[in-house]
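As the structure is a computational prediction, the values presented were derived from the model and not from experiment. Letters go in sequence order (proteins before strands), and every chain restarts at 1.
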2 protein chains.
Amino acid sequence: MSEQLQNKRHTLAHLLGAAVLQNYPHAKLTLGPAIDTGFFYDIDFSGGETLGDDNLKEVQKTMKKLLNTWTEFTHREVTPEEAKEVFAGNQYKIELIDEIVAKGETITLYTVGNFTDLCRGGHSEHPNQDISADAFKLDKVAGAYWRGDEKNAMLTRIYGLAFDTKDELENYQHQLEEAKKRDHRKLGKEMDLFTFSDLVGAGLPLWTPKGTVIRHQLDTFIWELREKHGYQRVTIPHITKKDLYVTSGHWEKFADELFRIQTREGKEYALKPMNCPHHTQIFARKPHSYRDMPQRYAETTMVYRDEQSGELGGLTRVLSITQDDSHVFARHSQIKDEFFKIWDIIDSFYGAFGFDLRVRLSFHEPTEMEKYLGTPEIWTNAENALREIAKDRKANYFEAAGEAAMYGPKLDFMAKDSLGREHQVATIQLDMNLPDRFDLNCINEKGEKERIVMIHCAIMGSIERFSAVLIEHLGGNFPLWLAPEQIRVIPVNDVHNEYAAGVQEVLAEAGLRSTLADDNDSMGKKIRAAKTDKLPYFIVVGDQEMADKTVTLEKRDGTKQVIGITELTSLLTKEITDKTL
Amino acid sequence: MSEQLQNKRHTLAHLLGAAVLQNYPHAKLTLGPAIDTGFFYDIDFSGGETLGDDNLKEVQKTMKKLLNTWTEFTHREVTPEEAKEVFAGNQYKIELIDEIVAKGETITLYTVGNFTDLCRGGHSEHPNQDISADAFKLDKVAGAYWRGDEKNAMLTRIYGLAFDTKDELENYQHQLEEAKKRDHRKLGKEMDLFTFSDLVGAGLPLWTPKGTVIRHQLDTFIWELREKHGYQRVTIPHITKKDLYVTSGHWEKFADELFRIQTREGKEYALKPMNCPHHTQIFARKPHSYRDMPQRYAETTMVYRDEQSGELGGLTRVLSITQDDSHVFARHSQIKDEFFKIWDIIDSFYGAFGFDLRVRLSFHEPTEMEKYLGTPEIWTNAENALREIAKDRKANYFEAAGEAAMYGPKLDFMAKDSLGREHQVATIQLDMNLPDRFDLNCINEKGEKERIVMIHCAIMGSIERFSAVLIEHLGGNFPLWLAPEQIRVIPVNDVHNEYAAGVQEVLAEAGLRSTLADDNDSMGKKIRAAKTDKLPYFIVVGDQEMADKTVTLEKRDGTKQVIGITELTSLLTKEITDKTL
């Protein structure tokens, strides 16, 4: 946020404090900072009446009244004694004053209108001119421990939203509401895409038939894109002897997140947290001539990471992570070509959903080399190569130190969704370390062993996380090719059932995921159901349609057309082939 | 084996003993029984010259000579003292005599020709008439401890093959040789289908690009068959909280074979050894009306069982087992229909490879109820239902007690391969126990909860085991639709490379898995490579083909034809669609 907006929000925290003191003179203010979407103030109401969500309007009214009188901030430096006199009876402020003294810092008091607060500064200079009274709003009340420590007193935190303009405030509120409606956990349940079971456990989604259709369609799309670029599928198990990860370095570096297994014979195994070490063993099964390079292995498979249960939620943080993973084993001279191929796949894939992408060059943090495998030279070379590629590609990119994987730097793709939120999605990683650790070579033109590189890439990242992002991006309105149920045939009444069944049969033969609504519900109820189920299309057939051998096709956006059955299937088939959004 | 054949084989063991004593008078005979394919005798040669594989011919010659003189067996009962006098100096026979005495049994000696042995009987009465001298053959020599105990003396075991006729013997020897050539471990490596890594561990196959094509084609075929019968795919993780298996009963009954995991928070998880408990949780996510029954879930996924490492070998016994699993949640009234649907799928699938099937009704063992879940009544009902179905289907079936799964009886399908060996493959299981344990119901026509049943079925059993069976059945000669590389284009020399590349491009566009052999090897070498790679087809293009815009197509069986390029792709595409064997 801009410094100006930051100052406004900070000022509004003061204003909130002043308004509360006016309405609740027994309240004790503690701390009130600016935050990402506005501001809050933590306040102790234990000395009298407590404030709840119902009282926010009235406090907000007071704020607006006071704002008119807040013409200018003044501040002065004071001695600890003076400060303590001002905040006599407020043990929180006294504690803060003591801390400032202990650090040897200056104590400043900021005053505006009739309100004075202990503060370091950073306000709008002329609040009544700078702050628009309709660009902020008190949002909600929550509990918060003094200084975040549960051993301390429980305070009341009052949240406010604040932006530069009324429009921005309204946009944000709309986005919030929309995000709530689109929450993938809510839609996932309503649309019957996935479920959780207490017996199986948190972070372990079970995918229903409908959800599995989406997974399968997404994965097939990825595979079609990969196949064009010479990828081949491979298959590995989900476990391995410890030895593989001792060699790869994961046993040490991945320590806590590794699910460990002891066999009945007392041997140590682990569940794979990534696929690269296994894939190296497929590459290493035989010698490779330079003529056979690169080798491009792809596999969509679940990996497992032992996350803390408190961190699990919906599909965004799971224990069972389905990666659409790939590893290219390439010569140095092939790195750029292979990155470009993958980048093409990423552009095609995300383009099909209308996501905007930008790229983070995730580099290592030179002061923390102990987190990484390999020498500083290897890292510098690899990072220079990536920077070169991003430049050549004329990409929208930025660099970030400390975001690399343990074995090499990455290109992380960030997708902006329809609500303007940014998500980290695909990632391409250049790895010059695992080939060393597993001694991976090809035989070059001179008949000599040549060390190769590995390029790791998951286009979706994980199907779980991408599904969550996609559900929210589309609000559950999947394009036809992706919709679990593509079209439903609704007979006007019983006499049309047979004709309707015939139509549905034609659709099914054409490979369309279709159903027939021939139960006893009314037509109106059936149409409403088709809409709440977010079907891309439904069809109504009655007397006229039966007579003309047509159907009335209604699209999700409400547009209707009467159409012959052959035209219908070719219309829909084309929309599927084109992956129309 | 028939009693008659058993007697012949037993007689041949005597004959072997007699021949060895004639050629090696210092040898001490111990035990010599009939076995499945002939006979053996364990003999102590430590008193003099030892016998090796090189000496078998000469012993066999002696056997044949002796056989002429073996007109009739006689036997007599003797006292322990008499017996010990006959076998004086042979501590093994003395030990056997002492054991017979200890059991209070009678000691009998059988004599034929000049040879007498301690024996219980069961011989060909007139060996020289009953036994065909060209229907047996000494096979090999191996080491064996006296009575199988490694603390005892090491003896020499001489194996012989024996059948009723010379033809049967030769057939068996041919089968043995053929089986060796077709061993899936050997072909899997030669054809580059799968590999193992010491770092990953035994029993954990890594599937190469070629092997994964086969897995994928097999699984897609299964899915096409299932989809026609209303199956839907679901997706589950590979782990679960212990709670799921406590409820299902696996925690107790599957004890040793369960891979257990402890999380960083100290919770107990397990790797799934089967998919049914997870699938119940998908079914149980919401209430089901009788109108929505049955629900048919399918999923091809790996399960994990902690086998002892000594038992692992090739693809037939692995730790990571890919099941093409399915669970039908059905009403009692739907059981028969659903079994018939599955049976149709099994017939289509195995028919496509030319396997003959017969069915084992695998029932429970009533004297060992502690191995099973559920009451005797539930079991009897379920088994009666299966017997009824097998009868209705007019199947080739037999019953076997003690072969049931822990939660219900099974139909186990046995496939006879091209070498006449029988393999257990598909299995359909009727389960009335898990629905009880997980309280699975539908709401019936009366609005009441109705307990449902589950039908478990894996068509291939596991992809690993089925692949092993299939590779050996076909000798690696996969039909076109299944071959990892379907066709290779071989230019006669460099000037034909461009034309050849054009042909290969057309094949690739038509979706054929094709390659171009445009390296520097000679045409002869390329053709030999195409044959050792067991390609269904290869194409040669030279001057004539280039001029005529044709290709010379050679099939695996050696037949050739000159054919236009369009006809070529439609010929091959049809063969793929038809799954021609």
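Ring geometry for Y304(B) against H238(A) counts as perpendicular: the plane angle is over 60°, on a 0 to 90° scale with 30° as the lower cut.
Residue contact with chain A, scored on non-hydrogen atoms closer than 4.5 Å, involves the side chain of H216(B) exclusively. For Y269(B), the part lying under 4.5 angstrom from a heavy atom of chain A is the side chain only. For Q295(B), no part sits under 4.5 Å from any heavy atom of chain A, backbone or side chain. Using a 4.5 Å cut-off between heavy atoms, T240(A) touches chain B through backbone and side chain atoms alike. With a 4.5 angstrom heavy-atom cutoff, Q308(B) touches chain A via backbone and side-chain atoms both. Neither the backbone nor the side chain of P277(B) comes within less than 4.5 Å of any heavy atom in chain A. Interface residue T235(B): backbone and side-chain heavy atoms are both found under 4.5 Å from chain A. Proximity to chain A (any heavy atom under 4.5 Å) is shown, for T208(B), by both the backbone and the side chain. For T263(B), the parts sitting under 4.5 Å from any heavy atom of chain A are the backbone and the side chain alike. Neither the backbone nor the side chain of K242(B) comes within contact range of chain A; no heavy atom of the residue lies under 4.5 Å from a heavy atom of that chain.
Taking Q232(A), K210(A), R233(A) one by one and counting their heavy-atom pairs under 4.5 Å with chain B, the maximum is reached by R233(A).
No side-chain heavy atom of K241(B) sits less than 4.5 Å from a side-chain heavy atom of V200(A). The side-chain heavy atoms of S320(B) and I236(A), taken from C-beta on, include no pair separated by under 4.5 Å. Residues I239(B) and L271(A) meet the side-chain proximity criterion, which asks for heavy atoms closer than 4.5 Å.
Residue L199(A) is tested with T280(B), D243(B), V246(B) for a side-chain contact (heavy atoms from CB on, under 4.5 Å); the sole match is D243(B).
Residues from residues 283-292 of chain A that place a non-hydrogen atom less than 4.5 Å from a non-hydrogen atom of chain B comprise R285(A), K286(A), given in numerical order.
Judged by distance alone, the side chains of E265(A) and S309(B) do bring a donor and an acceptor atom under 3.5 Å apart.
The line from CG of D306(B) to CZ of R264(A) is 5.5 Å long, rounded to the nearest 0.5 Å. Atoms CD and CD1, on Q262(A) and I261(B) in that order, are 12.5 Å from each other to the nearest 0.5 Å.
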